[in-house]
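This report refers to the structure that appears directly beneath it.
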Amino acid sequence: MKPHITQLLTQAAASLSADVTVESIILDRPKSAEHGDFSSNLAMQLAKPLRQNPRAIAEALIAALPKSEYIAKVEIAGAGFINFFLNAASQQTIVGEILNAGDAFGRNDSGKHEKVQVEFVSANPTGPLHVGHGRGAAVGDCLARLLDANGWDVTREFYYNDAGAQIENLVISVQARAQGMATDDAQFPENGYRGDYIMDIAEAFLAKQTVTADDMIVTASGNVSDVESVRTFSVAYLRHEQDLDLKAFQIKFDVFSLESALYSTGKDESTEQSLIASGHTYEEGDAMWLKTTDFGDDKDRVMRKSDGGYTYFVPDVAYHLDKWNRGFKRVINEQGADHHSTITRVRAGLQALNVGIPQAWPDYVLHQMVTVMRGGEEVKLSKRAGSYVTLRDLIDEVSCDATRYFLAARRSDSQLIFDIDLARAQTNDNPVYYIQYAHARICSVLAQWAGDVATLKVADLAPLSAPNETKLMQRLSDYTEVVSNAATDLAPYTIANYLKECAADLHSYYNDTKFLVDDLPTKLARLALIAATQQVLKNGLHLLGVSAPHKM
RNA sequence: GCCCUCGUAGCUCAGUGGAUAGAGCAUCCCCCUCCUAAGGGGAGGGUCACACGUUCGAUUCGUGUCGAGGGCGCCA
């Protein structure tokens, strides 16, 4: 409908010899019903170039507007808004569209089945996932679902930093615990991990247990001084642990990439050699530096430390080069904002390689910190992890659905307060249940009707004329654009907002109107409308990875 | 000191270069002989942090100030 009205306005503007392109025409959904279905500020935009009063221009535009079978009336309002009112039949078409498309309603092919990779979570295998990882998991998975709904071929990827200093800290922590050392012992490694889970690993190691993670199976040697065995066992143990966290959060990855694999395949060295060959490196203080300042960084960065090892920087560049070589012309990295500084560096490294990677590749979506509250106080510790709140704590306490919703429902660049009491509440305080309840209520009505929902596709919708019915149909009509914009803006939270509003329209309608009435045409029309609403709620909840229950 | 994000109702958050800035909670008043009250209707509550610019029009864009958080490692 939007393109249609845009076309009408373009033609009208052309007849006024105004220089107007289709792209420059803005159509809005007015906030108030008295302002119609769509509104344009075109007359006000043209006021300056045409040197005329906006209202006069609006009148001329309306006079020049081609006739349309979809539009009931056009009005001028306010400073010069042109408001379009659709006729009832064109407002109603959305119901049939939704019922016919079913689960596919809202999906489109704008991604043209091109490959896109979404990398998210990417936690170090040094402990259970925490609430921050949870936010990344919820946002990243929703992004992936959104891109899929917009016709992209999506790969979900998790990158493990299973090498480097943090892993060494893990190893000496497990060793210390296996040797019976307490975490408050003066001898305990200064940068060691102190959560209870380290003790679990130590005990499992001593018991020579076997753990599996992804495609690896590792059996502990039980020999504490066997550093290699402690390392591989501890990493596998924690990867397994994180796998369980992800499973509980209902998130599946297509690919797990290991930093250690970059070393075993020599991609770190070849990347370093390419960077040296690019001429953007130099040696200083026994270290090898990359002149990232050549590419917009505010200072140069060390690639190879004076002790001979790489900083995280070289494997990061090698890893992203590998992504590029795997054919991902589009990559989105979802990370915590504390990793912000890596963006410029990784992009600079990729530019230095000079292999045709675009300057702004890859895309980044960063999320801000999460503060967990309970009983009005900040929760900082979990027994198991020691220094942070784990994702599993939240899932166990407030459910997977509520946790996913709360972590995805906010703009990711705003700090988030996760209120455990609110997420647990089984009232309309809680937007998750509010939305799910709308879905369940519709299911219940349809079940009591006991008819075949498929027959509603051809229901005569003419009886749908009440204001709350019109409002609901408008809301349903907005869904496809919401899905498309959410993907363009990489903003999953907008789906959550939309669903809340859609559910509110439904609840309001439900309380005001009886559906299972005696008059058959009225009954079928209303059932068709709520069945369409049910479908949209279901499709939207699916994008968030939240279930759409039939009963509550 | 420099860089990034944020600042909207008592609280948690939406929103927008345009019409009277919205929702939920909290406070107050109503609504189940009726398809699920995990719901609905209504009232009150705002200097859109502050200042100055751009604009016919700024809460929205720009600059600055203040406030919150993060980053500025040969940690990741």
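Given the structure is predicted, the values throughout are model-derived calculations rather than measurements. Proteins get letters first, then strands, A, B, ... in listed order; numbering begins at 1 in each.
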Worksheet item: How does protein contact run along nucleotides 1-6 of chain B, one letter per nucleotide 5' to 3', with B for base contact, S for sugar-phosphate only, - for none, heavy atoms under 4.0 Å?
Response: ---SSS
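- Rounded to an integer number of Å, the gap from CZ of A:Phe418 to P of B:rC13 is 12 Å.
- Comparing B:rG69, B:rC74, B:rA14 against the side chain of A:Thr311 picks out B:rC74 as the nearest.
- By the stacking rule of 5.5 Å between ring centres and under 30° between planes, A:Phe81 stacks on the base of B:rA19.
- Between the A:Thr311 side chain and the A:Val302 main chain, a donor and an acceptor come within less than 3.5 Å of each other.
- The listed nucleotides are B:rG15, B:rU20, B:rC75; the one nearest the side chain of A:Ala165 is B:rC75.
- The listed nucleotides are B:rU12, B:rC75, B:rG71; the one nearest the side chain of A:Ser341 is B:rG71.
- For the pair A:Tyr434 and B:rG40, the criterion of a side-chain N or O lying under 4.0 Å from OP1 or OP2 is met.
- Across the protein-nucleic acid pair, A:Asn333 atom CG and B:rA76 atom P stand 17 Å apart, rounded to whole Å.
- For the pair A:Arg239 and A:Tyr160, the cation-pi criterion (under 6.0 Å, within 45° of the ring axis) is fulfilled.
- Stacking here means ring centres nearer than 5.5 Å and ring planes tilted less than 30 degrees, and by that measure A:His35 stacks onto B:rA19.
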For nucleotides 41-43 of chain B, print each protein N/O atom paired with a nucleotide N/O atom at under 3.5 Å, atom names and distance only.
residue	atom	partner	partner atom	Å
B:rG41	OP1	A:Ser508	OG	3.2

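- Heavy atoms of A:Ala438 sit nowhere under 4.0 angstrom from any nucleic acid atom.
- Taking side-chain N and O atoms only, A:Lys523 has no distance below 4.0 Å to OP1 or OP2 of B:rC35.
- Interface remark: the A:Ser122 side chain does not form any donor-acceptor pair with the B:rA76 base, using a distance-only criterion of under 3.5 Å.
- Atom CG in A:Asp300 sits roughly 13 Å away from atom C1' in B:rC74 (whole-Å rounding).
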Each nucleotide N or O in nucleotides 54-56 of chain B that has a protein N or O under 3.5 Å away: list the pair and distance.
residue	atom	partner	partner atom	Å
B:rC56	OP1	A:Lys48	NZ	2.5

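- Within the 4.0 Å cut-off from OP1 or OP2 of B:rA23, not a single side-chain nitrogen or oxygen of A:Tyr498 is found.
- Counting atom types as modelled, A:Ser306 pairs a side-chain N or O with a base atom of B:rC74 as donor and acceptor under 3.5 Å.
- On a pure distance criterion of 3.5 Å, no polar donor-acceptor pair joins the side chain of A:Asp162 and the base of B:rA76.
- At whole-Å resolution of the value, CG in A:Leu499 and P in B:rA23 are 18 Å apart.
- Proximity of A:Arg441 to the phosphate of B:rA37: a side-chain N or O atom is located under 4.0 Å from OP1 or OP2.
- The side-chain ring of A:Trp449 is not stacked on the base of B:rC35, judged by centre separation under 5.5 angstrom and plane angle under 30 degrees.
- For A:Trp289, counting side-chain heavy atoms from C-beta on, the closest listed nucleotide (B:rC35, B:rC74, B:rA14) is B:rC74.
- Judged by a 6.0 Å distance limit and a 45° cone about the ring axis, A:Arg441 is positioned over the six-membered ring of A:Tyr510.
- Each of A:Pro125, A:Ser260, A:Ser234 was checked for a side chain to side chain contact (heavy atoms under 4.5 Å, CB included) with A:Ile167, and the lone residue meeting it is A:Pro125.
- For A:Ala287, counting side-chain heavy atoms from C-beta on, the closest listed nucleotide (B:rA19, B:rU20, B:rC74) is B:rC74.
- Listed candidates were B:rA14, B:rC35, B:rA76. Nearest to the side chain of A:Gln448 is B:rC35.
- Looking at heavy-atom distances under 4.0 Å, A:Ile417 makes contact with sugar-phosphate atoms alone, never a base.
- Contact check, A:Lys31 against B:rG15: no side-chain N or O comes under 4.0 Å of OP1 or OP2.
- Rounded to an integer number of Å, the gap from A:Glu259 CD to B:rC75 P is 13 Å.
- Note on A:Glu119 versus A:Lys323: salt bridge recorded, some NZ/NE/NH1/NH2 to OD/OE distance being below 4.0 Å.
- Using a 4.0 Å heavy-atom criterion, one finds that A:Arg304 contacts no nucleic acid atom at all.
- A:Asp307 places its CG atom 13 Å from the C1' atom of B:rG73, with the value rounded to the nearest Å.
- When heavy atoms are screened at a 4.0 angstrom cut-off, A:Thr513 is found touching base atoms of the nucleic acid.
- A:Tyr510 comes within 4.0 angstrom of a nucleotide base, judged by non-hydrogen atoms across all strands.
- The residue A:Asn53 sits apart from the nucleic acid: no heavy atom pair falls under 4.0 Å.
- Regarding A:Tyr193, its OH atom lies at a distance of 14 Å from the P atom of B:rC75, rounded to whole Å.
- Nucleic acid contact class of A:Gly309 (heavy atoms, under 4.0 Å, all strands): none.
- Picking from B:rA19, B:rU12, B:rA76 the nucleotide with the shortest atom distance to the side chain of A:Arg345 gives B:rA76.
- Every residue two or more places apart in sequence or in another chain that forms a salt bridge (charged side-chain N to carboxylate O under 4.0 Å, His left out) with A:Glu397 is listed here: A:Arg374, A:Arg424.
- Here A:Met552 lies in heavy-atom contact (under 4.0 Å) with a base.
- Residue pairs that meet the salt bridge (Lys or Arg N to Asp or Glu O under 4.0 Å) test with at least one member in residues 301-320 of chain A, sequence neighbours left out, are A:Glu272-A:Arg304, A:Asp297-A:Arg301, A:Asp298-A:Arg301.
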Worksheet, complete the sentence: In B/S/- notation (B base, S sugar-phosphate only, - none; protein heavy atoms under 4.0 Å), nucleotides 29-34 of chain B written 5' to 3' is -----S
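- Rounding to whole angstrom units, CG of residue A:Leu238 and P of B:rA76 are separated by 18 Å.
- Here A:Lys305 reaches the OP1 or OP2 of B:rC75: one of its side-chain N or O atoms lies under 4.0 Å away.
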